[in-house]
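Chain letters run A, B, ... following the sequence lines, proteins first, then strands; residues in each count from 1. For clarity, every value in this text was computed on a predicted model and none was experimentally measured.
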There are 2 protein chains.
Amino acid sequence: MERELLLLGFLRREQAHGYRLNEFIEREMATCTDIKKPTAYFLLAKMAKQGWITMRATREGNRPLRRVYRLTAKGEAQYQQLLRENLASFIEAKFPGDVGLAYADDLEAQDVLPLLSNRRAALAARLEATRQVPPHAGSLQLLVDHQVLHLETELAWLDQVIARFKRKAKQSQ
Amino acid sequence: MERELLLLGFLRREQAHGYRLNEFIEREMATCTDIKKPTAYFLLAKMAKQGWITMRATREGNRPLRRVYRLTAKGEAQYQQLLRENLASFIEAKFPGDVGLAYADDLEAQDVLPLLSNRRAALAARLEATRQVPPHAGSLQLLVDHQVLHLETELAWLDQVIARFKRKAKQSQ
DNA sequence: TCTTAATTAGTCAATCCTGACTAATTGGAG
DNA sequence: CTCCAATTAGTCAGGATTGACTAATTAAGA
């Protein structure tokens with residue numbers, strides 16, 4: 001339900017139409033979610049059906065119909081509950097990159113090394129980009145700090161893994 | 001495609017039926033994926049359609065039909081490519097728990113603290129459980145080590161966050 | 001030797017998610 | 001003032017995912 005929470009939390013501050021929501025998601029929340037545009041519209045329609053938000057269609061000129069979404073009292077209650085649930089629970093992160101590592105021994109260590117070196121470069125670039133993010137207001141800065149810490153840890157770990165495969169390559173050579 | 005990689009990597013070692021695959025996923029690969037049973041069956045059927053694996057129906061007694069899956073040469077080639085792609089790229093982890101933190105300022109700091117304390121307990125339990133996991137063979141141990149390192153980092157970070165909200169609670173009090 | 005619980009094996013309807021698309025408006029270069 | 005690219009706004013068909021279910025087999029206790 002964290003996708004719903006994300007949308008409700010934004011609508012709580014200001015009523016908005018879908019496009020502004022998607023902008024917020026991409027610009028500010030990229031570190032914790034990757035909801036795509038059609039998903040956001042889908043969830044908004046679902047929440048409207050449940051009475052958590054209202055949908056008001058507006059039209060300017062003959063642009064495509066624009067819907068303005070606004071939180072209802074029921075939605076506010078739901079928001080409070082989802083927020084508390086989210087804060088009180090720990091959801092484990094999954095590492096899709098570990099699937100490859102689990103099978104890395106199927107390749108020669110000499111073949112694995114350049115591949116991991118490529119992974120390392122991508123990770124280092126991501127870390128650098130995140131470090132360059134301008135300061136965010138309030139708790140949003142927490143998310144950036146979290147991401148930086150996480151990426152630093154991943155980089156250190158990846159270097160250990162690479163060292164392991166270097167040793168292995170030397171042995172078998 | 002890391003779900004397909006996961007399945008192909010297992011079938012490469014031994015032909016197997018759906019149930020054994022799901023067992024492996026839950027027991028050994030829980031740290032890097034959360035594929036559910038029907039998803040695995042869906043992917044197996046899709047890969048069979050693509051010719052990466054073959055499906056042979058067997059029947060013992062009058063049990064429900066059991067399908068044994070086996071990697072084809074085409075599947076082996078695909079496996080090689082997916083494995084190399086996975087090893088060479090870095091896929092960012094998402095933190096659903098950060099959504100709540102982003103909005104934590106909507107609650108009083110005094111209300112946030114017990115919630116985060118609950119999150120901390122869940123995280124600490126998860127870390128302890130992962131530390132207790134018996135040693136795995138080869139690279140599978142890498143995944144466990146990765147998870148432990150990650151959980152340790154998360155715990156340290158969460159303590160920082162909690163400290164932040166403690167300061168905030170003291171200020172507003 | 002019943003009865004119950006756990007394990008083995010898989011299916012299906014309903015829901016969720018997104019790549020690819022349409023379409024109008026605005027900004028700016030020439 | 002015209003044309004092209006970027007921005008704004010949203011839709012839809014099709015594919016992915018899973019909760020809830022069915023059903024036979026085995027294990028174990030009373």
Side-chain angles (χ1 to χ4, degrees), chain A residues 1-8 10-11 14-27 29-30 32-50 52-70 82 91-92 94 96 99, chain B residues 1-8 10-11 14-27 29-30 32-50 52-70 82 91-92 94 96 99:
Chain A
M1 301 297 276
E2 82 270 357
R3 284 149 126 90
E4 283 86 349
L5 176 60
L6 187 76
L7 296 172
L8 290 177
F10 187 85
L11 290 178
E14 45 179 308
Q15 55 171 313
H17 48 96
Y19 194 84
R20 264 189 72 53
L21 277 164
N22 281 301
E23 202 175 42
F24 169 69
I25 291 167
E26 271 172 50
R27 291 233 220 297
M29 300 299 238
C32 53
T33 192
D34 56 349
I35 310 180
K36 299 296 186 298
K37 210 156 32 119
T39 307
Y41 283 112
F42 169 77
L43 293 175
L44 288 168
K46 198 186 62 167
M47 292 195 292
K49 208 182 298 174
Q50 260 149 354
W52 301 356
I53 59 180
T54 58
M55 246 164 68
R56 189 165 48 82
T58 64
R59 159 157 283 158
E60 287 164 34
N62 64 342
R63 284 194 190 193
L65 200 63
R66 173 199 273 199
R67 289 189 188 81
V68 178
Y69 299 92
R70 184 199 290 266
L82 289 178
I91 304 151
E92 249 178 304
K94 301 286 170 183
V99 177
Chain B
M1 301 300 275
E2 84 269 358
R3 283 150 127 89
E4 283 86 350
L5 176 60
L6 187 75
L7 296 172
L8 291 177
F10 186 85
L11 290 178
E14 45 179 308
Q15 56 171 313
H17 46 97
Y19 195 85
R20 264 188 72 54
L21 277 163
N22 281 302
E23 204 174 42
F24 169 68
I25 291 167
E26 272 172 50
R27 291 233 220 298
M29 299 301 236
C32 55
T33 191
D34 56 349
I35 309 180
K36 300 296 186 300
K37 213 156 30 123
T39 307
Y41 283 111
F42 170 78
L43 292 174
L44 288 168
K46 199 186 62 170
M47 292 195 295
K49 207 182 298 173
Q50 261 150 355
W52 300 357
I53 59 180
T54 57
M55 246 162 67
R56 188 166 50 84
T58 65
R59 158 159 284 161
E60 289 164 33
N62 62 344
R63 283 194 191 192
L65 200 64
R66 174 199 272 198
R67 289 188 188 82
V68 177
Y69 300 91
R70 184 198 289 266
L82 289 178
I91 304 152
E92 248 179 303
K94 301 288 170 182
V99 178

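- In terms of phosphate contacts, B:R67 brings a side-chain nitrogen or oxygen within less than 4.0 Å of OP1 or OP2 of C:dT11.
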Please list, for nucleotides 18-21 of chain D, all pairs of protein and nucleotide N/O atoms separated by less than 3.5 Å.
residue, atom, partner, partner atom, Å
D:dT18, OP2, B:T39, OG1, 2.8

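- Rounded to a whole Å, the CG atom of A:N22 is 13 Å from the C1' atom of D:dT11.
- Looking at A:E26 and A:K37, no side-chain N of the basic residue comes within less than 4.0 Å of a carboxylate O on the acidic one, giving no salt bridge.
- Looking at B:K94, its side chain does come within 3.5 Å of a backbone N or O of A:A30 through a donor-acceptor pair.
- For A:K46, no side-chain nitrogen or oxygen approaches OP1 or OP2 of C:dT15 to under 4.0 Å.
- In this structure, B:M55 atom CE and C:dT11 atom C1' are separated by 13 Å, rounded to whole Å.
- Atom pair A:Y19:OH and C:dT22:P shows a separation of 18 Å (rounding to whole Å applied).
- Every residue two or more places apart in sequence or in another chain that forms a ring-ring contact (aromatic ring centres under 6.0 Å, His included) with B:F10 is listed here: B:F24.
- In this structure, CG in A:L44 is found 12.0 Å from NE2 in A:H17, a value given to the nearest 0.5 Å.
- Counting only heavy atoms from C-beta on, B:E23 has its side chain closest to C:dT8 among C:dT8, C:dC16, D:dG10.
- Side-chain atoms of A:M55 and A:R67, non-hydrogen and from C-beta on, do get closer than 4.5 Å to each other.
- Regarding B:K49, its NZ atom lies at a distance of 12 Å from the C1' atom of D:dG14, rounded to whole Å.
- When rounded to the nearest whole Å, the span between CG of B:L44 and C1' of C:dT11 equals 14 Å.
- Between atom CG of residue A:D34 and atom CE of residue A:M29 there is a gap of 13.0 Å, rounded to the nearest 0.5 Å.
- Taking atom OH of A:Y41 as the reference point, atom C1' of D:dA13 lies 18 Å away to the nearest angstrom.
- To the nearest angstrom, C1' of C:dC17 lies 14 Å from CG of A:L7.
- The nearest whole Å value for the distance from the CG atom in A:L43 to the C1' atom in C:dT18 is 12 Å.
- Here the closest non-hydrogen pair linking B:L8 and B:W52 is CD1-CE3, 4.1 Å.
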